Each structure stands twice: as C-alpha cells, then as structure tokens.
Amino acid sequence: MLDINNRLKTESFLRTVFKTFDISNDGKITDEEIGKVLNALGRPTDEKAKQIIVKKYAGKGDKVDWSSSDFLKEIAATNVTDVNLVEDFVFSAAFSTFDQDVDGYISPEDMKAVVKL
C-alpha cells in the first residue's frame, strides 16, 4: 500500500512541476519546455536525452502529454544528475505533496520517497 501511495504522490508532484512549465496550459509541453523541466528537476538535459523522451512520448506537433502516467513514471525513474540544479519551488512542491496532514512534517517513509525524486 505504501508504494502505491508514494507512486501516486510522486505522480501528483511531477504533474505540479510540469504544469508550472506548461506555458500554453494545454497539458502538453514542447521539447524546449521539457529541457527546462528536466533541468528544474536536476535530471539530464542534454539534447540526446530530450530527443529520446520526445520521440517516445510526443504526439501531434512534437509535444509531450505531461499528464501521461507512463511519461511521469519514466521521469520519476530518471536519476537526478545534479541536485544543485533543482529549483526551490520543486522542493516546495515535493514537500507539499508529501505533507498530507499539513503539519509541517513528513514521515520517514515519505522522506525516502522525496529523496528519490
């Protein structure tokens, strides 16, 4: 149950982050926006990594539907390459997502999930 709960929280967190970068607010992001999001999450942003994602998940107009569970699972599984690149709002969104009772604390189990983000 815990793993399913954390997976759902992780997807919710990533949706929050991607929505921030969805300039057109259409539920899809361009390859340029993907690079910005990956960078904000501390993930690899080289052109090759972006193109692999775009090729695998892009629909019409070479935009990626960021609400797709498969897409979000792949982003979640991608290792952070530079924690110094992670933007402050990403940490805030992660904490807010996992602090379900809004008491200013997260459980040790939830902290393990946050660290993996």
Side-chain angles (χ1 to χ4, degrees):
M1 178 73 172
L2 182 62
D3 287 336
I4 292 170
N5 192 24
N6 278 339
R7 188 173 64 234
L8 294 173
K9 288 178 184 177
T10 299
E11 285 185 21
S12 174
F13 156 72
L14 288 171
R15 281 188 177 96
T16 299
V17 173
F18 276 93
K19 185 174 183 160
T20 302
F21 286 90
D22 183 6
I23 304 297
S24 60
N25 204 27
D26 63 355
K28 297 173 177 43
I29 55 175
T30 65
D31 63 338
E32 182 180 330
E33 292 168 332
I34 287 172
K36 290 177 183 176
V37 176
L38 292 175
N39 190 53
L41 291 167
R43 271 38 178 213
T45 57
D46 60 89
E47 194 60 32
K48 184 178 179 180
K50 284 192 322 188
Q51 290 310 313
I52 289 170
I53 291 170
V54 171
K55 185 175 181 179
K56 189 171 183 179
Y57 294 102
K60 294 179 183 177
D62 287 335
K63 286 187 164 189
V64 173
D65 176 0
W66 55 261
S67 64
S68 160
S69 288
D70 290 336
F71 171 70
L72 294 174
K73 286 176 192 172
E74 181 157 331
I75 298 302
T78 305
N79 291 328
V80 172
T81 56
D82 188 350
V83 74
N84 294 317
L85 294 175
V86 179
E87 295 186 18
D88 288 343
F89 88 91
V90 172
F91 289 119
S92 179
F95 190 87
S96 295
T97 300
F98 285 87
D99 180 23
Q100 293 295 298
D101 57 2
V102 195
D103 66 354
Y105 299 95
I106 56 176
S107 71
E109 293 82 18
D110 287 343
M111 181 55 113
K112 288 177 188 174
V114 170
V115 170
K116 290 179 182 178
L117 296 175

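These figures come from a predicted structure and were not determined experimentally. Basis for what follows: all heavy atoms, side chains included, without hydrogens, waters or symmetry-related copies.
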D26 atom CG, neighbour heavy-atom count above 12 within 6.0 Å: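 More than 12 within 6.0 Å, yes.
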
D46 atom CG, over 12 foreign heavy atoms within 6.0 Å: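 It does: D46 CG has more than 12 such atoms within range.
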
Side-chain (D65) to main-chain (S67) donor-acceptor, under 3.5 angstrom: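 Judged by distance alone, yes, a pair lies under 3.5 Å.
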
Listed partners of S69 passing side-chain hydrogen bond (donor to acceptor under 3.5 Å, both in side chains), at least two apart: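 With sequence neighbours excluded, S69 shows a side-chain hydrogen bond (donor to acceptor under 3.5 Å, both in side chains) to E11, given in chain and number order.
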
Qualifying residues under side-chain hydrogen bond (donor to acceptor under 3.5 Å, both in side chains), relative to K28, sequence neighbours excluded: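 Not a single residue meets the side-chain hydrogen bond (donor to acceptor under 3.5 Å, both in side chains) criterion with K28.
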
So, for [X] and [Y], which heavy atoms are closest and what is the spacing to 0.1 Å?
X   : Y   : answer
V54 : V64 : CA-CG2, 4.2 Å
T78 : P44 : CG2-CD, 3.7 Å
S24 : K63 : OG-NZ, 3.6 Å
T81 : R43 : OG1-C, 3.7 Å
L38 : K50 : CD1-CG, 4.4 Å

Partner set under ring pair (Phe, Tyr, Trp, His ring centres under 6.0 Å) for F71, not counting sequence neighbours: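 So F71 forms a ring pair (Phe, Tyr, Trp, His ring centres under 6.0 Å) with F18, Y57.
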
Candidate pair V37 and L14, rule side chain to side chain contact (heavy atoms under 4.5 Å, CB included), full reasoning: CA-CA 10 Å; V37 176; L14 288 171; over 6 Å; no

Which residues share a side chain to side chain contact (heavy atoms under 4.5 Å, CB included) with K36, sequence neighbours left out: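 Residues passing side chain to side chain contact (heavy atoms under 4.5 Å, CB included) with K36: F21, E32.
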
What's the separation between atom [atom1] in [X] and atom [atom2] in [Y], rounded to the nearest 0.5 Å?
X   : Y   : atom1 : atom2 : value
E47 : D31 : CD    : CG    : 6.5 Å
S68 : R15 : OG    : CZ    : 8.5 Å
D62 : K55 : CG    : NZ    : 12.0 Å

Residue pairs passing the ring-ring contact (aromatic ring centres under 6.0 Å, His included) test where at least one lies in residues 22-53, sequence neighbours excluded: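 For residues 22-53: none.
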
For K56, salt bridge (charged side-chain N to carboxylate O under 4.0 Å, His left out) partners two or more places apart: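 Scan of K56 (salt bridge (charged side-chain N to carboxylate O under 4.0 Å, His left out), adjacent residues dropped) gives E74.
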
Pairwise side-chain contact, I53 with I75, heavy-atom cut-off 4.5 Å (strictly under):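 Heavy-atom side-chain distance check passes, below 4.5 Å.
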
Min side-chain heavy-atom separation T30-I23 under 4.5 Å: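 With C-beta onward as the side chain, the pair stays apart.
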
